[in-house]
Amino acid sequence: MADGSSETKSSNQMWGGRFASGPDAIMEEINASIGFDKKLYAQDIRGSIAHATMLAHQGIISAEDKDKIVHGLDTILSEIDSGAFEFSRRLEDIHMNIEARLAALIGPAAGRLHTARSRNDQVALDFRLWVKEELQKTEKALTGFIAAFLDRAEEHAETVMPGFTHLQTAQPVTFGHHCMAYVEMFGRDRARVRHAIEHMDESPIGAAALAGTGFPIDRHMTAKALGFREPTRNSIDTVSDRDFALEFLSIAAIAATHLSRLAEEIVIWSTPQFGFIRLSDAFSTGSSIMPQKKNPDAAELVRAKTGRVNGSLVALLTVMKGLPLAYSKDMQEDKEQVFDAAESLELAIAAMTGMIRDVTIRADRMKAAAGSGYSTATDLADWLVREAGLPFRDAHHVTGRVVALAEQKGCDLADLPLAELQAINSAITDKVYGVLTVEASVASRTSFGGTAPSEVRKQIAWWRARN
Ligand code: ARG
């Protein structure tokens, strides 16, 4: 567009009426947001078309001017889509880049578009539309991710693995149950996404600079045209609110934190020492020096992206902290944080969905590990309560002595001879061996939400009906 050679120190053509000269080069550099807010061009154009249409409907501008404006904006949309549009830093941001181009295309009618609005409500609108669309994408991505987990959970509803607390073997669980724990976590993330979409479903346009406008605009009409439930209620709040961006970032930070926990488990489980899983070639890399290596780089990077996303949340919270109402230019710093976090989150969910779909589960290794570390000691204690009528605390003590004996002999609980068990507590009978296997252990945990395959299948069915 007409910028290039005219890069002189003349005052800004959009707001330069009271300025004798243009900005210092450093001022221009610190002020410009076009480098990143050009991402909002489609939202900006959509918002302007809705605004112009409403202005004409209300008789604030003529139908002819509206038609010129809409046609010009359509042209600009295809120019930007095709890469033909030349963005100018001198024009600061996406709003003024588009408006200046509109003036070049259609002449004076372009100057009527900004009637009854300000860049303050304009940017609030564009950014909110962008965040809302991003959340809709996130919702879809999470649904695909959950579906991947449901398939693996179904396949492995009976595959026994060690369950951990403190990363120490605790009790046997099923791999299906472990997968369903992640389904719960990402399901909550998705619920937060849906709630946030509902929360931000109010249209900012028409709040103008901060006080509203004296023109007879119809904010309900623009809200409807732009797919919002209703217009925002307070014009001061509208231009000073960035809760929708903070909400996006907090949801992203929690989801990324969940992803990092999964990433960490993938990293640990794929070590030769654990050997619970084998990563597909598609989601691992080799080492340039050690030919035997297969590294879980994708999982490590997902773990690391969490740092970026959490950083973005803290950055924007800090930008917003203590800002007086209404709009302040500080708020221009909102976009890069959100864009960066959105890109990281999208990538992380996609990579993890691929990894979960592709990963090979080594059921033999999981089962062997599940049986080590006296993982069925609680089952023995429960048996003593149930069958021998001991109070749980006493049963716990007896079991502790049994574990110490097994440890001393270097064998599993199930390998201890009955006579030696009876020497510790005479109420023990040979029926106890029935509860000491890992399969019996998981099968017995039929409490609601427990690890028994029958319960896991119920959890899967519950989610299938909701995914
Ligand atoms: N580029 C600005 C931003 O992102 C647009 C709003 C500017 N408003 C203003 N009054 N200077 O926040």
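Every number for a ligand or one of its atoms is a count from 1 in the order of the listing. Quick caveat: nothing in here was measured; it's all calculated off a predicted structure.
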Asker: According to ring-ring contact (aromatic ring centres under 6.0 Å, His included), does anything in residues 338-357 pair up with another residue at least two apart or in another chain? List the pairs.
Answerer: W130-F339

Asker: Are a donor atom and an acceptor atom from the side chains of Q122 and H51 found within less than 3.5 Å of each other?
Answerer: no

Asker: For atom 11 (N) of ligand 1, find the nearest protein heavy atom and state the residue, atom name and distance (0.1 Å precision).
Answerer: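 For atom 11 (N) of ligand 1, the nearest protein heavy atom is R119 NH2, 3.5 Å.
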
Asker: For L77, enumerate each residue passing the side chain to side chain contact (heavy atoms under 4.5 Å, CB included) test, keeping only those at least two apart in sequence or located in another chain.
Answerer: Y41, A42, I45, D81

Asker: Could you list which atoms of ligand 1 come closer than 4.0 Å to a heavy atom of S33?
Answerer: 1 (N)

Asker: Quick one: which ligand 1 atoms are inside 4.0 Å of a heavy atom on D93?
Answerer: 1 (N), 2 (C), 5 (C)

Asker: Side chains of R117 and T213: donor-acceptor distance under 3.5 Å anywhere?
Answerer: no

Asker: Could you tell me whether the side chains of R192 and S250 share a donor-acceptor contact shorter than 3.5 Å?
Answerer: no

Asker: Tell me whether N120 has any N or O atom under 3.5 angstrom from an N or O of ligand 1.
Answerer: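 Checking ligand 1 against N120, an N or O pair does fall under 3.5 Å apart.
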
Asker: Would K335 count as a polar contact of ligand 1, with the cut-off being nitrogen or oxygen pairs under 3.5 Å?
Answerer: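 Checking ligand 1 against K335, an N or O pair does fall under 3.5 Å apart.
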
Asker: Please state which protein non-hydrogen atom is closest to atom 3 (C) of ligand 1 and give its distance, to 0.1 Å?
Answerer: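 For this ligand atom, the closest protein heavy atom is Y327 OH, 3.2 Å.
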
Asker: Go through the side-chain N and O atoms of S441 and R445 and say whether any donor and acceptor fall under 3.5 Å apart.
Answerer: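 Note: S441 and R445 side chains meet the donor-acceptor criterion.
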
Asker: Could you tell me the residue and atom name of the protein heavy atom closest to atom 1 (N) of ligand 1, and the distance to it rounded to 0.1 Å?
Answerer: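 Here the nearest protein heavy atom works out to Q332 OE1, 2.7 Å.
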
Asker: Under 4.0 angstrom from ligand 1, any heavy atom of E92?
Answerer: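 No.
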
